[in-house]
Amino acid sequence: MRSSDLYTRKFHVSEFLAEKLIAATAFLSFAVIILIFVFVFREALPIFSSSEPATHDEAVQEEVETYGEEALGEASQLRAAEEKERRAGSIEHVEGNASLRNLLSTDWQPVSGEPKFGLLPLIVGSLKVSLIAILLAAPLAILAALYTSTFAPKRVKEILKPAIEILAGFPSVVIGFFALIVLATFVQDLFGTMYRLNAFVGGVALSLAVIPIVYTIAEDAIAAVPKSMTEASLALGATSWQTALFVTLPAATPGIFAAVLLGVGRAFGETMIVLMATGNAALMTFNVTDPVRTMSATIGAEMAEVVFGDTHYNVLFLIGSILFIFTFTLNAVAEFYIRRRLLRKFRGG
Amino acid sequence: MTTSMDETRIRTEGLNLFYGPKQALKSVSVDLKKSRVTALIGPSGCGKSTFLRALNRMNDLIDDVHVEGKVLIEGVDIYDPKVDVVELRKRVGMIFQKSNPFPKSIYENVAYGPRINGVNDRSKLDEMVERSLRQAALWDEVKDDLTKSGLALSGGQQQRLCIARAMAVNPEILLMDEPASALDPIATAKIEELIYQLKSTYTIVIVTHNMQQAARVSDDTAFFYLGELIEMDETKKMFTAPSKKQTEDYVTGRFG
């Protein structure tokens, strides 16, 4: 080959453009996430920056209310009209004071003569419902994953695995609707609870949304355990159950842990199911049969009706920030676990 | 082949094995003797590993496997429906081609077998772990860090750890599926030395691709080709004066 043959490098325009376009798209999605992040935190910031009530101009307020009229149904239009009348009338709209003391109180009454922005019942509510959901979902999902990846005959696995994974794509509003109409009545008939909608019903409904997430990741983690390891155990005269319990599960622990963390994240952030199934009363109790109001449901229920720029508005964004930080941390820890621990485990060290 | 019945530990009679429609073993009848090392040789895909795995029913784990004929261990047909596979595998240990320690400590790797058999007494476990590691010629190298992960050992040490782990459940037979094929010459020599020492206690069946290894470690050699047992005899005779042409062609490297 003559050396001049090599000096024929050409500039391919289409390749160059395609490469840059893909890179731009990737950075765009990254930028959008960052911007949402910044926006949520910026809107929550006024709570910390000044103790005096923030001012809001009438024009913006008007805008918010017409938005309500356009988007919502007849019933809400009526309610919005009443709201407007009430504000214009005798009772003056009260700007709340979101001092730290107020935020840490146990009452959530954002629309009242003296607004109370106690976040504790909402945080307790979220934790309570998420805990119920994960306590139900994690064992079920992990055992299901263990069954399909180690015990189930091939045919059963081929049906069961996609069936559970399809549940992940189930619209949460449908699960919420099911919980509201069917599950709540069933639970009340079964346990004779005082309130039809409560933390337990919400937790059970939420577990339906959490199971496929925990299942999918736990299944991957268990399937990633090398076959040579289970064979070694079986060749030593261990039963398949002993092998699953003492070899497969321990080897897959980091992945299963990550699966549970992601499940908690989903449970914490899920809005529609808890909004429909928990009763939404901001009670500061640890009783699972009491109605409960979660952080996500509070944002979902109140954001559309809040006064733009109001303290209440800022507090809702503060709740959003807390949710954001919580799920972000969970996801980061889970990611770390899957990547580092699981791989290191199989490579030694 | 001169074998009296009382020396036989494993006997197969007309063993046929199918993977789905494909026949992997064709009417294999053989006697494997006590206190001897039997090497299984033959080109890739000849059925020697399949035969090995038929001896402790590891093939059961593969879908669509069908077995005909008999495998008698100490006179008991292990494919009899009344036979407990778990109990069988405790008596017939297996070492795999790729060392496969558990992601646990060295101690826990060896103690795994006794533990699943219900041994929980710490001093008893200590004793079993030490004895097995000594038998596997690994004790002196690891006695000071038994809590270290088994995966942190070198390849050769890992394989000896697996041998120790298999011996901790007191099997009578050890099946080895190319135990040294992934090891360097020094580690291989150690494994071979170990096999030589173990043969007084165990019946050892070893699959190997390495002719020199078969010649070095085994007393008897069986040559498989296309699922059939072509010839089995004392190793010395197999490598110097085989009675079948195919065996001679294979051991002299004319094909394979």
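When reading the values below, keep in mind they use all heavy atoms of this one structure, side chains included, and skip hydrogens, waters and symmetry mates. Numbered from 1 within each chain, the chains take letters A, B, ... in sequence-line order.
- In this structure, chain A has a heavy atom under 4.5 Å from the backbone of B:Val92, while its side chain stays farther away.
- Residues of residues 129-147 of chain A lying under 4.5 angstrom from chain B, judged on non-hydrogen atoms, do not exist.
- Listed by first and then second residue, the salt bridge (charged side-chain N to carboxylate O under 4.0 Å, His left out) pairs involving residues 168-178 of chain B are B:Arg91-B:Glu172 (not counting sequence neighbours).
- Formation of a donor-acceptor pair under 3.5 Å by the B:Ser132 side chain with backbone atoms of B:Val129 is not found in this model.
- At a 4.5 Å heavy-atom cutoff, the contact between B:Val169 and chain A is made by side-chain atoms alone.
- Proximity to chain B involves both the backbone and the side chain of A:Ser233, based on heavy atoms less than 4.5 angstrom apart.
- A salt bridge links B:Glu87 with B:Lys90: at least one charged nitrogen is closer than 4.0 Å to a carboxylate oxygen.
- For the atom pair OH (B:Tyr202) and CE (B:Met176), the distance works out to 9.5 Å, reported to the nearest 0.5 Å.
- Using a 4.5 Å cut-off between heavy atoms, B:Pro171 makes no contact with chain A at all.
- B:Arg165 forms a cation-pi arrangement with B:Phe102, by the criterion of a distance under 6.0 Å to the ring centre and an angle within 45° of the ring axis.
- Between B:Lys70 and B:Thr12 there is no side-chain heavy-atom pair separated by less than 4.5 Å.
- In this structure, chain A has no heavy atom under 4.5 Å from any part of B:Lys148.
- Counting heavy atoms from C-beta on, the side chains of A:Phe246 and B:Ile116 come closer than 4.5 Å.
- Contact check for B:Arg89 versus A:Leu234: side-chain heavy atoms found under the 4.5 Å cut-off.
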